[in-house]
Every structure is written in C-alpha cells, then in structure tokens.
Protein chains: 2
Amino acid sequence: MASLTEENYLKLIYHLSGPGYEEVSTNALAEQTQTKAASVTDMLRKLAEKNLIHYKKYQGVRLTEEGQQEALKVIRRHRLWEVFMVEKLGFRWDEVHPIAEELEHIASEELINRLDAFLDFPESDPHGDPIPTASGRMPSAEYEKLAEVPVQQEVIMMGVSEHTAPFLQFLSKSGLIPGSLVQVLEVNEFDRSMTIQINEAHPSFVSYEVARNILVQTKV
Amino acid sequence: MASLTEENYLKLIYHLSGPGYEEVSTNALAEQTQTKAASVTDMLRKLAEKNLIHYKKYQGVRLTEEGQQEALKVIRRHRLWEVFMVEKLGFRWDEVHPIAEELEHIASEELINRLDAFLDFPESDPHGDPIPTASGRMPSAEYEKLAEVPVQQEVIMMGVSEHTAPFLQFLSKSGLIPGSLVQVLEVNEFDRSMTIQINEAHPSFVSYEVARNILVQTKV
DNA sequence: ATAAAAATTTAGGGCACCCTAAAAAAATGT
DNA sequence: ACATTTTTTTAGGGTGCCCTAAATTTTTAT
Ligand SMILES: [Mn+2]
Ligand SMILES: [Mn+2]
Ligand SMILES: [Mn+2]
Ligand SMILES: [Mn+2]
C-alpha cells in the first residue's frame with residue numbers, strides 16, 4: 001500500500017521520466033514536489049525499499065514494473081475523475097485538475113471501475129490525455145504539435161501538453177478546444193508564430209509558445 | 001483548515017453527542033477511533049486550541065458552533081457521495097460507507113455543490129439519513145423505531161439506525177429497504193419480536209434487535 | 001467517609017514526512 | 001588534470017499523530 005505521498009512521487013517519476021523511461025534526478029523531483037532534495041532522498045530510499053523504484057545513489061531513479069503499475073493506477077483515477085467533473089458536473093477543463101489531485105488517491109478499484117463504466121469508458125481526459133486501462137496499460141496517443149504542422153494542412157485538435165489554468169482558459173477563449181478543426185494558413189518564419197483558422201471561423205493568430213503545446217492529429 | 005484526522009474527530013463527536021448535544025467522553029472517542037485514550041487527549045487539546053470544541057479537563061467535550069459546522073460539512077459530503085455511488089454507479093447500500101469515509105475528506109465546496117445539483121438535491125442518503133444543507137443545517141428527520149409501532153399500524157420504512165454491512169444485507173434480503181410499506185401484524189410480548197407484512201407480501205418475522213434499528217414513518 | 005475501581009491526563013517515545021547545514025560525489029571549465 | 005561548481009546524500013532536528021506506562025482525578029462501592 002503506497003501512501004498518498006508515495007503515490008504522488010510515483011506519478012511524478014512516471015511523468016518526468018518521459019516516453020523513454022529515462023532516469024529522473026533528485027533535484028527534478030524536489031522542484032516538482034515543492035520540497036528539498038534531502039527530503040526527496042529520504043523518500044527514494046523508502047520507495048526503493050518497497051521495490052517501487054530502481055535506485056542507486058547519485059544515479060537517478062526509474063520505476064520498477066510494480067512502481068509503474070501503481071503510477072498508472074493513480075493517473076487512471078486522476079483522469080477519470082476529470083472526465084466525471086467536466087462531463088457530468090459541468091466544470092470547465094481549466095478547473096478540474098487541482099480537485100483531481102485529491103480524488104486520485106481514493107483507492108477503491110470497485111469505485112473507479114464503476115466510474116469508468118458510468119462515463120462510458122472514455123479514452124482520454126478533458127485535456128486529451130489518454131486514460132490507462134483497468135489492466136494497467138497506457139494507450140499510446142501519437143499526436144503531433146500544432147507548431148509542426150505545415151501550411152495548408154488541416155488537423156483536428158486532440159489535446160494539450162501544458163495544463164495550467166491560464167493556458168487552458170486562453171485556449172477556450174480562442175475556441176481552441178479538443179475536437180476543433182484547425183487549418184494552418186500561414187507560418188511566420190522568424191518567430192514561428194502561425195495564422196490559423198478554427199472551425200471555419202475568422203483567422204486567428206497563435207504564438208509558437210502556444211502552438212507547440214497544442215496536440216493535433218492529421219485529418220482523416 | 002482541519003486535517004483528515006481532525007475532521008474524523010469532529011464528525012465522531014457530533015455523532016456521539018446525540019440529539020441532545022451531550023458531552024462526549026474521552027474513552028468513547030478512543031473506542032470509536034480505534035486509538036488509545038492518551039491519543040484522544042492529545043487531539044482534544046489541539047481541537048480546543050483551534051476553537052473547534054469546548055474542552056475542560058476530565059469534563060468531556062462538546063462541539064463549538066464552528067466545530068459543528070465543520071462536522072456537518074463532512075457529514076454532508078459523506079452522504080452525498082453515498083447517494084452518488086448508489087444512484088449513479090449502481091453500488092448496493094451496504095457497500096458504500098467505507099468508500100464514503102475516504103471521499104468525505106475531499107474539501108472542494110464547488111465539487112460538492114455541483115454533485116448535490118447533479119444528484120437533484122437529495123434530502124437523505126441511501127440509509128435514510130438526512131443530508132445537511134449547503135448552509136450548514138441538519139434537516140430534522142423525526143422517524144420512530146419500527147419496534148415501537150403498535151399492532152395493525154401501517155408505516156413506511158425510512159431508514160436505519162445501524163449501518164453495518166451484514167445488517168444492511170440482511171434487510172435487503174428480507175425486502176426491507178427504504179420506501180417499503182410495512183404493517184405490524186403481531187407483537188410477541190415476551191421478546192418484543194414482531195410479525196410484519198412487507199409490501200403486501202408473505203408475513204415476515206423480525207427480532208426486537210432488528211426492529212429497533214429500523215426507522216419508519218406513519219403512513220399519511 | 002474512605003477505599004477501590006474507572007476514567008483521564010501527563011510523561012516520554014516512535015514513525016512518516018519535512019527541514020537546514022554540512023559532507024561527499026559527480027560534473028564542468030580551463 | 002585539477003580546481004570549482006553543481007548535485008546528491010548524510011546528520012540532526014521538527015511537527016502530526018500514534019503508543020505504553022505512570023500519575024492524577026473522578027466515580028463507585030461499602
Ligand atoms: Mn490533471
Ligand atoms: Mn496527488
Ligand atoms: Mn455512511
Ligand atoms: Mn473519515
């Protein structure tokens with residue numbers, strides 16, 4: 001049984017290790033947990049003791065298979081609760097993350113599997129992030145960044161890679177939400193900003209900073 | 001901000017002090033929290049420090065107005081989540097209490113008020129217990145015990161005063177669930193057991209032990 | 001009224017998780 | 001290669017919540 005704090009560490013290690021499952025550094029964890037490196041070292045010793053991570057001093061850390069399964073459970077719960085809050089309770093997508101940070105630690109498998117069914121087995125959360133399956137597999141969502149879409153190409157917005165409330169609110173205001181049809185009209189070579197058309201509406205302008213955090217899929 | 005443990009103490013003091021808001025003893029709290037009296041004393045000092053309880057050494061404890069409001073918030077959350085699990089997720093009434101014990105500590109007011117609306121502002125939980133309002137008032141549900149209903153009288157089952165899973169399962173199996181129409185056919189003077197008729201079905205037998213934990217309302 | 005029993009508090013300490021300061025190891029620059 | 005900087009660990013300690021044992025107060029019994 002992982003404690004709430006341990007679950008947060010496992011989830012964080014999962015996210016920081018990225019698609020290549022690279023080692024995560026003590027300092028990176030300290031920064032994200034809002035604690036100090038010394039505290040992280042304490043926790044890493046404990047997680048290693050429980051066989052949830054591979055840990056050699058000074059060498060960074062990776063999840064064990066067991067640790068990864070725990071992390072995926074937490075992420076599954078987090079994302080399902082986000083879907084619930086947006087789809088059933090009418091929250092906006094920029095409001096749900098902090099509450100899901102708490103709900104994700106309610107461990108009942110029965111609860112989460114019934115919630116999954118109640119929500120009709122969603123494949124992704126309100127931000128386009130894939131929802132791990134009950135059997136512990138993370139569906140691979142291979143999207144590309146809007147910033148890399150060539151001129152003229154039409155794409156569907158699928159999600160975001162930046163989840164802060166201000167960014168999400170900005171996108172909503174621009175009409176850039178998952179499912180939107182987006183066509184790249186023009187790319188400014190100098191600062192990589194774009195002029196795009198969203199759902200056939202008036203052209204809009206997006207900076208590179210914004211475009212690289214928007215995930216899209218080429219239209220079928 | 002009350003911690004999870006503090007919230008559990010406040011809720012417990014509320015429940016143990018009963019309708020008359022009587023003083024609750026250290027030992028009664030130790031028994032229910034599955035801790036020792038010394039630990040309870042520690043916590044009582046802290047709750048008194050925070051003005052959540054009235055506490056004089058050796059004299060037992062009562063909630064302050066502030067403490068009662070906190071307790072009612074926890075109870076409101078607990079009962080709304082129980083309604084959600086039964087009404088929306090298809091749980092049975094004997095399964096939801098332990099999960100609600102965890103969910104009740106998710107503090108977001110926005111979440112709980114939206115959940116309340118989503119559930120259509122239920123007045124009682126699956127066990128017939130009234131749900132405190134968002135403004136912090138506990139609706140008074142004045143039911144009587146089935147054990148005290150006179151022979152021939154028809155009543156509606158409204159809830160239970162004993163919440164253990166085995167008892168609830170037993171009631172379900174007997175068809176004794178909230179909303180059932182119950183008529184007392186016969187009372188055994190000696191052991192106060194009853195023969196009753198549920199929803200016009202075959203007569204059933206209930207012991208005093210069962211009958212005194214079933215809450216009913218005289219039929220209108 | 002007083003002795004015995006019961007309830008409660010105090011004293012002292014453990015574990016989880018966090019901290020600062022100092023020590024040690026690894027990475028970096030010349 | 002070696003001095004400097006950066007990263008990480010170790011040492012020592014704090015708070016929240018729990019414990020056992022001992023002291024104190026209240027209740028009960030005679
Ligand atoms: Mn989130
Ligand atoms: Mn979390
Ligand atoms: Mn309950
Ligand atoms: Mn609780």
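Order of the sequence lines fixes the chain letters, A, B, ..., with proteins taken first and strands second; residue numbering starts at 1 for each chain.
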Legend entry - Minimum-distance nucleotide to B/Thr35 side chain [options: D/dT8, D/dC19, C/dT8]: D/dC19
Inset, instruction - Could you check how far CE of B/Met1 sits from P of D/dT15, rounded to whole Å? - result: 21 Å
Inset, instruction - Grab the two heavy atoms, one from B/Val83 and one from B/Ser124, that are nearest each other, plus how far apart they are. - result: CG2-O, 3.7 Å
Legend entry - B/Asp42 side-chain proximity, nearest of D/dT24, D/dC19, C/dA26: D/dC19
Legend entry - Selection from C/dT10, C/dT8, C/dC19 that lies nearest to any side-chain heavy atom of A/Ala38: C/dC19
Legend entry - Touch class at under 4.0 angstrom, heavy-atom based, for A/Gln34 against every strand present: sugar-phosphate
Legend entry - Under 4.0 angstrom between A/Asn27 side-chain N/O and D/dT8 OP1 or OP2: yes
Legend entry - Nearest-nucleotide pick for B/Ser39, side chain only, options being C/dT9, D/dC18, D/dT9: D/dC18
Inset, instruction - Round to the nearest Å and state the distance from A/Arg45 atom CZ to D/dA11 atom C1'. - result: 12 Å
Legend entry - Short side-chain donor-acceptor distance under 3.5 Å, B/Asp129 and B/His163: yes
Inset, instruction - Could you tell me whether B/Glu104 and B/Lys11 have a side-chain N and a carboxylate O separated by less than 4.0 Å? - result: yes
Legend entry - Earlier contact from the 5' end, DNA chain C, for A/Glu6 and B/Gly60: B/Gly60
Inset, instruction - State whether the side chain of B/Ser17 and the backbone N or O of B/Val24 hold a donor-acceptor pair below 3.5 Å, judged by distance alone. - result: no
Inset, instruction - Round to the nearest Å and state the distance from B/Tyr58 atom OH to D/dT27 atom P. - result: 11 Å
Legend entry - Distance in angstrom units between A/Lys56 NZ and D/dT7 P, rounded: 22 Å
Inset, instruction - Among the candidates C/dC18, D/dC18, C/dC19, find the nucleotide nearest to the side-chain atoms of A/Tyr9. - result: C/dC18
Legend entry - Under-4.0 Å side-chain N/O to phosphate OP1/OP2 contact, B/Lys57 with C/dT10: yes
Inset, instruction - Measure the distance from CG on A/Leu29 to P on D/dT9 and round it to the nearest whole Å. - result: 10 Å
Inset, instruction - Could you check how far CD of A/Glu49 sits from P of C/dC15, rounded to whole Å? - result: 14 Å
Inset, instruction - Find the distance A/Lys36:NZ to C/dA23:P and express it as a whole number of Å. - result: 19 Å
Inset, instruction - Answer yes or no: does a side-chain N or O of A/Tyr55 lie under 4.0 Å from OP1 or OP2 of D/dT8? - result: no
Inset, instruction - Let me know, please, whether A/Leu4 or B/Ser25 comes out on the 5' side of the other along DNA chain C by nearest nucleotide. - result: B/Ser25
Inset, instruction - Round to the nearest Å and state the distance from B/Met43 atom CE to D/dT15 atom P. - result: 16 Å
Legend entry - Per A/Thr26 side chain, nearest of listed nucleotides C/dA7, C/dA21, D/dT8: D/dT8
Inset, instruction - Tell me what B/Thr5 touches on the nucleic acid: a base, only sugar-phosphate, or nothing, going by heavy atoms under 4.0 Å. - result: sugar-phosphate
Inset, instruction - Look at atom CD of B/Glu123 and say whether more than 12 heavy atoms of other residues, nucleotides or ligands are closer to it than 6.0 Å. - result: no
Legend entry - Main-chain N/O of A/Gly90 paired with B/Arg114 side-chain donor or acceptor, under 3.5 Å: yes
